[in-house]
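A quick write-up on the structure given underneath.
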Amino acid sequence: MAWATFEAERDAFAVLVRGLTSEEWDLPSLWPAWTIRDVVEHVAFHTHRSGMRETFGPTEKQTALLVERERADTTEGLIEWFTSPAPATTAESEVNLCELVIHQQDVRRVLGSTRDYPEPTLELCLDYCHSVLGNIVVVGRM
């Protein structure tokens, strides 16, 4: 996967995030029991974690530690964290590209904000999510 593909998806998601109103941050997303804020925080975690220590273990615990470290407990802090440069190891991961594409839709569909995705990006995500590893890591089931 090319770094440029990751950057294009993160940039498109960042434009959406920067335009959210205070009310929209608290809307329920398509992901059960998560608000739009929760989705953005989740994707920020996925796209900014680095090293084995931040990769394994309970996602909720690691996310909370990163939110505290990045001062992302405010909307402005979350936007800054989400839009900050990602470590090369996470930007080169197909998992993180899938996280950006899938969760962007969790937000876009609630807001009625459509977007045409490049066909190669969708093909890569669909192929990965249908692989054994993608089923385990991204989709979360086998």
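Just so you know, these numbers use all the heavy atoms, side chains as well, and skip hydrogens, waters and symmetry mates.
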Sub-4.5 Å side-chain heavy-atom contact between [X] and [Y]:
X   : Y   : value
W25 : I79 : yes
E99 : T47 : no
T83 : V17 : no

**Message:** Applying a strict under-4.5 Å side-chain criterion to I, L, V, M, F, W and Y, I'd like to know whether L27 and V43 cluster together.
**Reply:**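 Looking at the clustering, V43 is in the same group as L27.
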**Message:** Do L97 and L122 sit in one hydrophobic cluster, given that two such residues count as connected whenever their side-chain heavy atoms are within less than 4.5 Å of each other, even indirectly?
**Reply:**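 Yes, because L97 and L122 connect within a single hydrophobic cluster, where side-chain heavy atoms sit under 4.5 Å apart.
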What distance separates [X] [atom1] from [Y] [atom2], expressed to the nearest 0.5 Å?
X    : Y    : atom1 : atom2 : value
L16  : L111 : CG    : CG    : 6.0 Å
N96  : H46  : CG    : NE2   : 7.0 Å
E94  : F6   : CD    : CZ    : 13.0 Å
L124 : E9   : CG    : CD    : 10.5 Å
D106 : D38  : CG    : CG    : 11.0 Å
R37  : T75  : CZ    : OG1   : 3.5 Å

Where does the angle between the aromatic ring planes of [X] and [Y] fall among parallel (under 30°), tilted (30 to 60°) and perpendicular (over 60°)?
X    : Y   : result
H103 : W31 : perpendicular
F45  : H42 : tilted
F82  : F13 : perpendicular

**Asked** Can D26 and I36 be said to form a side chain to side chain contact (heavy atoms under 4.5 Å, CB included), step by step?
**Response** CA-CA 6 Å; D26 295 321; I36 288 176; over 6 Å; no
**Asked** Does R109 have any salt bridge (Lys or Arg N to Asp or Glu O under 4.0 Å) partners at least two apart in sequence or in another chain, and if so, which?
**Response**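 Salt bridge (Lys or Arg N to Asp or Glu O under 4.0 Å) list for R109, sorted by chain: empty.
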**Prompt:** Between C125 and Y128, does a side chain to side chain contact (heavy atoms under 4.5 Å, CB included) hold up when you go through it step by step?
**Reply:** CA-CA 5 Å; C125 290; Y128 187 79; 5.9 Å; no
**Item:** Cation-aromatic face contact R115/Y117, 6.0 Å, 45 degrees
**Value:** yes
Which atoms form the tightest heavy-atom contact between [X] and [Y], and what is the distance?
X    : Y    : result
C129 : C98  : SG-SG, 3.9 Å
R108 : T114 : NH1-O, 3.8 Å
R10  : L100 : N-CD1, 3.9 Å

**Asked** So, does Q105 use its side chain to make a donor-acceptor pair with the main chain of I102 at under 3.5 Å?
**Response**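 Not confirmed, Q105 side chain does not pair with I102 backbone.
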**Prompt:** Crowded around E80 CD? As in, over 12 foreign heavy atoms under 6.0 Å?
**Reply:**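 Incorrect, the count does not exceed 12.
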